[in-house]
There are 2 protein chains.
Amino acid sequence: MALRYLSARLAQQIDDELMSAAGAFSLDQLMELAGLACAQTLAKVYDADKHSRVLVCCGPGNQGGDGLVAARHLAMFGYKPTIYMPKPGSKDIYQRLHTQCKNMKIPTLNDDESLHTALKASDVIMDAIFGFSFKGPIRAPFDAALPLLSASGLPIVSVDIPSGWDVEVGNDAGVGLNPDVLVSLTAPKEGVRLFRGRHFLGGRFIPRTLEEKFQLNLPPYPGYEQIVDITEATQKL
Amino acid sequence: MALRYLSARLAQQIDDELMSAAGAFSLDQLMELAGLACAQTLAKVYDADKHSRVLVCCGPGNQGGDGLVAARHLAMFGYKPTIYMPKPGSKDIYQRLHTQCKNMKIPTLNDDESLHTALKASDVIMDAIFGFSFKGPIRAPFDAALPLLSASGLPIVSVDIPSGWDVEVGNDAGVGLNPDVLVSLTAPKEGVRLFRGRHFLGGRFIPRTLEEKFQLNLPPYPGYEQIVDITEATQKL
């Protein structure tokens with residue numbers, strides 16, 4: 001049975017069910033596990049010796065929260081993350097996660113000029129700008145930031161959906177990032193069917209009943225790992 | 001610099017600081033990471049093929065919450081956990097974590113008779129009964145449960161402090177469990193100085209500033225792991 005690709009609607013529905021009274025998960029829990037999986041994916045591909053300087057780009061939604069969690073774990077793993085967050089989210093959790101990063105002495109940038117400078121002093125980018133609730137067009141300041149990220153030539157690890165890609169159609173408009181690595185959360189989204197880089201899955205928290213209800217056909221994760229490499233499973237060349 | 005062993009008061013202070021407005025962590029986050037570390041420790045030592053049936057014993061405090069998180073992750077890892085929880089905690093988070101376990105079809109026992117039966121059908125015990133806020137004497141129903149667990153002869157993985165041990169003095173009274181494996185959270189407690197089984201450390205979320213303030217001298221964790229084996233470091237034989 002093939003891994004299922006999710007529409008934006010279905011991805012939202014799964015999140016809603018997990019966090020409903022019946023699902024009983026808190027956003028804090030899910031974001032912690034998602035962000036940890038993102039950090040571990042980056043660490044799996046880019047070691048801390050040669051790629052210590054990670055620019056973690058955070059959008060204003062939940063995916064930006066995943067990025068903040070990832071930045072904190074990356075610092076724990078020995079990386080030197082810097083956060084680019086020109087438009088902080090307004091949710092309380094976002095503030096708390098940012099405080100946790102500041103307590104780890106992780107610096108935060110918030111304008112295009114500092115982004116330009118920071119890119120020259122970075123080894124790899126984590127793209128946690130837009131998630132599965134993204135609807136184009138790309139608004140300021142990210143309309144200016146995405147081309148800067150692309151032009152840097154740095155390797156990019158995207159979370160869930162590469163920023164600028166339509167969640168269901170993909171990068172048809174050609175304005176999205178072209179990541180080297182993608183970490184899909186819970187299950188890949190329809191828009192990444194044609195993604196041909198290294199592809200990981202994270203978000204190992206879907207109860208079997210939910211997996212069966214939505215026929216996700218998730219791959220087995222190895223041992224106690226929080227991520228699984230699904231490059232081969234998703235790329236039948 | 002030697003790893004620091006914590007008094008009960010200092011362990012509480014570190015928890016309080018992490019969850020203060022300045023520390024900004026939520027209990028949901030810390031418990032998720034702690035419980036994950038407990039589950040990973042058990043999985044590291046006892047593989048799911050030969051030790052699939054895990055009896056996760058949960059007390060009424062925060063450590064019982066760690067146990068519930070661990071039970072859920074163990075089920076994700078392919079184990080078949082059963083929860084023994086004769087005295088459920090009253091905190092809202094405890095209810096939510098238990099619902100998450102029920103959604104994973106993890107059964108729960110709550111009396112000594114069913115514990116007796118369950119032990120015959122278990123391969124390994126996770127002891128998440130008493131944590132660093134434990135003050136003896138051991139009250140019912142755990143006064144009857146601990147001897148049953150010991151008499152089972154099953155391997156035991158204890159969380160933070162083996163149940164029945166004084167947090168600072170250890171098992172002087174001789175009424176505590178004798179675990180094969182211990183997973184200390186954030187830093188080992190004074191009472192486990194003489195523990196001579198396999199010893200792991202989890203709770204990789206202490207900012208460097210806090211580590212330095214309390215002179216914890218934590219060991220380096222490998223790569224992106226959430227646990228580290230500190231058996232050698234703690235046992236200079």
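- Nearest heavy atoms, A:I206 versus B:M76: O-CE, 3.1 Å.
- Remark: B:D49 engages no residue in a salt bridge (Lys or Arg N to Asp or Glu O under 4.0 Å) (not counting sequence neighbours).
- For residues 75-98 of chain B, the salt bridge (charged side-chain N to carboxylate O under 4.0 Å, His left out) pairs, not counting sequence neighbours, are B:D28-B:R96, B:D92-B:R96.
- Heavy atoms of A:K102 lying under 4.5 Å from chain B are absent altogether.
- For B:Q40 (side chain) and A:Y224 (main-chain N/O), a donor-acceptor pair under 3.5 Å exists by modelled atom type.
- Neither the backbone nor the side chain of B:L18 comes within less than 4.5 Å of any heavy atom of chain A.
- To the nearest 0.5 Å, atoms CZ (B:F77) and CZ (A:R204) are separated by 5.5 Å.
- Ranked by heavy-atom pairs under 4.5 Å with chain B, the list A:P222, A:P220, A:A22 is led by A:A22.
- If you take OG on B:S26 and CD on A:Q100, they are separated by 7.0 Å, rounding to the nearest 0.5 Å.
- For a residue to count as touching a neighbouring chain, one of its non-hydrogen atoms must lie under 4.5 Å from one of that chain's; by this rule A:I227 touches chain B with the side chain only.
- Residues of residues 207-215 of chain A lying under 4.5 angstrom from chain B, judged on non-hydrogen atoms, are A:P207, A:T209 by number.
- For B:L30, no part sits under 4.5 Å from any heavy atom of chain A, backbone or side chain.
- Only the side chain of A:L97 has a heavy atom closer than 4.5 Å to any heavy atom of chain B.
- What you find for A:E32 and B:L33 is that their closest heavy atoms are OE2-CD1, 3.3 Å.
- Across every non-hydrogen atom of A:H73 and B:Q226, the tightest pair is CE1-OE1, 4.3 Å.
- Applying the ring pair (Phe, Tyr, Trp, His ring centres under 6.0 Å) test to pairs two or more places apart or on separate chains, those with a residue in residues 20-60 of chain A are A:Y46-A:H51.
- Residue A:A75 does not touch chain B at all, counting heavy-atom pairs closer than 4.5 Å.
- Across A:M104, A:K44, A:K105, A:Q95, the residue that shares the most heavy-atom pairs under 4.5 angstrom with chain B is A:K44.
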